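See structure below.
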Amino acid sequence: MSFYTVIKTELSVKKYLICALEELKKRGEITSFVASERKDAIEVDRDGDIINISREKAGNYQLGGDNRVVNAFSNRLKQMYAYESIKDNLPLDFEISSETETAGEIQIVLKG
Amino acid sequence: MDSTLLNIHAILPRSRVNGPGLRLVVFFQGCLRGCEGCFNPATHSFEEKELRPAASLLEGRMAPGVEGITVSGGEPFLQPRGLRELLAAARARGLSTLVYTGFALEELEAGPLMRECLPLIDLLVDGPYRMQMPEETLLPRGSTNQRFHFLTTRYSLADLMMPGRVELFISGDGTVKETGFGSLTRTVL
């Protein structure tokens with residue numbers, strides 16, 4: 001049998017949050033972001049809409065701001081976070097064979 | 001005639017690492033074998049996961065470019081009536097069929113209901129998973145004891161080198177689906 005699993009992404013590692021935000025900025029999906037080390041928080045400017053990302057007691061990061069903006073952005077941020085996390089953690093014996101993005105879904109094939 | 005209900009673990013609309021070309025993959029729910037190190041322990045239970053009529057399972061699910069279906073699990077042959085209906089529906093659409101099983105082909109030939117499925121299968125991959133014998137090439141099987149049976153002329157061994165061993169789908173809400181013959185997400189996410 002082949003392997004199959006489904007995993008919900010949680011925003012838990014700041015490093016990958018920053019990587020995801022950098023990628024979204026590069027793609028023009030956010031205007032800018034400022035990370036505060038002291039408060040363990042990030043302020044994101046998305047074309048004038050401000051989204052605040054802060055760490056909750058359970059350890060994961062959560063988004064605050066206008067619900068309309070936050071809900072859509074949260075999903076996209078989780079997608080990019082997962083993408084950055086996977087790329088950064090590939091075992092040495094795996095390499096990306098192909099990578100495509102269609103209909104809002106990122107598909108990665110890995111050779112091992 | 002009413003269609004048999006299948007107990008399904010999951011359906012993956014398209015995959016490139018579960019057999020030749022682009023394939024829809026159906027994971028059956030329920031397996032008694034308990035192979036050590038099984039990739040899919042969540043498919044072992046026989047509790048109802050998702051009941052779907054076998055004959056209409058493919059309706060509205062075929063992504064463009066899909067050339068066939070792969071049936072994985074769980075153990076597909078523990079639901080032989082539904083499996084046969086699903087395979088017949090795939091054949092009626094001109095789709096190729098690949099089925100994974102922990103049974104040996106000889107065992108399937110000895111069981112009347114299971115035997116009826118065989119003429120509807122292009123490629124059968126048989127045998128239990130042996131974690132001490134991992135497949136390390138790009139052939140689509142978990143362990144090297146598992147055998148490829150080309151039951152029709154549709155495919156040959158040359159068609160079975162996959163473009164990768166693992167495939168990840170990151171959906172628009174950050175959900176990650178992983179399939180193939182190995183797992184990264186257990187350690188990565």
Side-chain angles (χ1 to χ4, degrees), chain A residues 1-13 15-17 19-21 23-24 29 53 60-63 70-112, chain B residues 9-12 14-19 25 27-28 31 33 35 38-40 42-43 63 70-76 100-102 125 128-129 136-138 140-142 146 162-189:
Chain A
M1 309 304 167
S2 52
F3 180 73
Y4 178 78
T5 194
V6 179
I7 294 171
K8 294 276 184 195
T9 298
E10 299 287 352
L11 304 173
S12 57
V13 180
K15 171 184 167 184
Y16 300 129
L17 258 181
C19 289
L21 289 166
E23 184 63 26
L24 291 172
E29 295 181 39
I53 305 174
N60 292 328
Y61 287 87
Q62 63 177 7
L63 280 64
V70 165
N71 290 341
F73 182 68
S74 172
N75 286 342
R76 179 64 169 151
L77 182 61
K78 282 182 179 175
Q79 184 184 38
M80 294 312 298
Y81 176 99
Y83 172 72
E84 295 293 341
S85 171
I86 287 166
K87 272 200 317 183
D88 193 51
N89 285 285
L90 283 183
L92 291 175
D93 52 346
F94 275 89
E95 62 177 277
I96 293 177
S97 166
S98 71
E99 189 180 309
T100 54
E101 189 167 351
T102 49
E105 184 178 72
I106 300 169
Q107 297 146 37
I108 303 171
V109 176
L110 298 164
K111 272 187 181 172
Chain B
H9 178 73
I11 298 173
L12 195 55
R14 56 192 188 285
S15 169
R16 292 195 179 279
V17 300
N18 277 278
V25 189
F27 294 88
F28 279 38
C31 182
R33 201 161 293 272
C35 299
C38 172
F39 289 152
N40 282 337
T43 65
T70 291
V71 184
S72 187
E75 174 49 64
Y100 286 92
T101 179
V125 186
Y129 174 64
E136 290 175 348
T137 73
L138 293 174
R141 62 183 174 185
Q146 295 171 326
M162 302 292 100
R165 289 192 60 72
V166 177
E167 191 173 25
L168 297 159
F169 302 88
I170 312 173
S171 69
D173 65 358
T175 303
V176 180
K177 292 179 183 170
E178 182 183 19
T179 187
F181 296 88
S183 171
L184 295 182
T185 49
R186 282 177 185 170
T187 53
V188 168
L189 290 175

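Just so you know, these numbers come straight off a predicted model, no measurement behind them.
- Of the listed residues (A/Glu101, A/Lys78, A/Gln107), the one with the most heavy-atom contacts under 4.5 Å to chain B is A/Gln107.
- Side-chain atoms of A/Ser97 do not come within 3.5 Å of backbone N or O of B/Gly164 as any donor-acceptor pair.
- Between B/Arg14 and A/Glu105, at least one side-chain nitrogen of the basic residue sits less than 4.0 Å from a carboxylate oxygen of the acidic one, meeting the salt-bridge criterion.
- Annotation: the span from A/Thr9 atom OG1 to B/Asp173 atom CG amounts to 8.0 Å, rounded to 0.5 Å.
- At a 4.5 Å heavy-atom cutoff, B/Tyr129 makes no contact with chain A through either its backbone or its side chain.
- Scanning all heavy atoms of the two residues, the minimum distance from A/Met1 to B/Gly102 falls at CE-N, 3.8 Å.
- Residues B/Val176 and A/Ala82 share a closest heavy-atom pair of CG2-CB, 3.8 Å.
- Expressed to the nearest 0.5 Å, how far OG1 of B/Thr43 lies from CZ of A/Phe3 amounts to 11.0 Å.
- The greatest number of non-hydrogen atom pairs below 4.5 Å with chain A, out of B/Pro163, B/Gly142, B/Cys35, is found for B/Pro163.
- Remark: A/Met80 CE to B/Ile170 CD1 distance equals 8.0 Å, nearest 0.5 Å.
- Minimum heavy-atom separation, A/Ser2 to B/Thr179: OG-OG1, 4.3 Å.
- Per-residue heavy-atom pair counts under 4.5 Å with chain B were compared for A/Ile106, A/Leu77, A/Leu11, and the maximum is reached by A/Ile106.
- Within a 6.0 Å sphere centred on CZ of B/Arg16, other residues, nucleotides and ligands contribute 12 heavy atoms or fewer.
- Contact count versus chain A (heavy atoms, under 4.5 Å) is highest, among B/Glu75, B/Arg165, B/Arg141, for B/Arg165.
- Ranking A/Val13, A/Val6, A/Ile96, A/Ile108 against chain B, the residue ahead of the rest is A/Ile108, based on heavy-atom pairs under 4.5 Å.
- The two residues A/Tyr4 and B/Leu12 come nearest to each other via the heavy atoms CE1-CD1, 3.9 Å.
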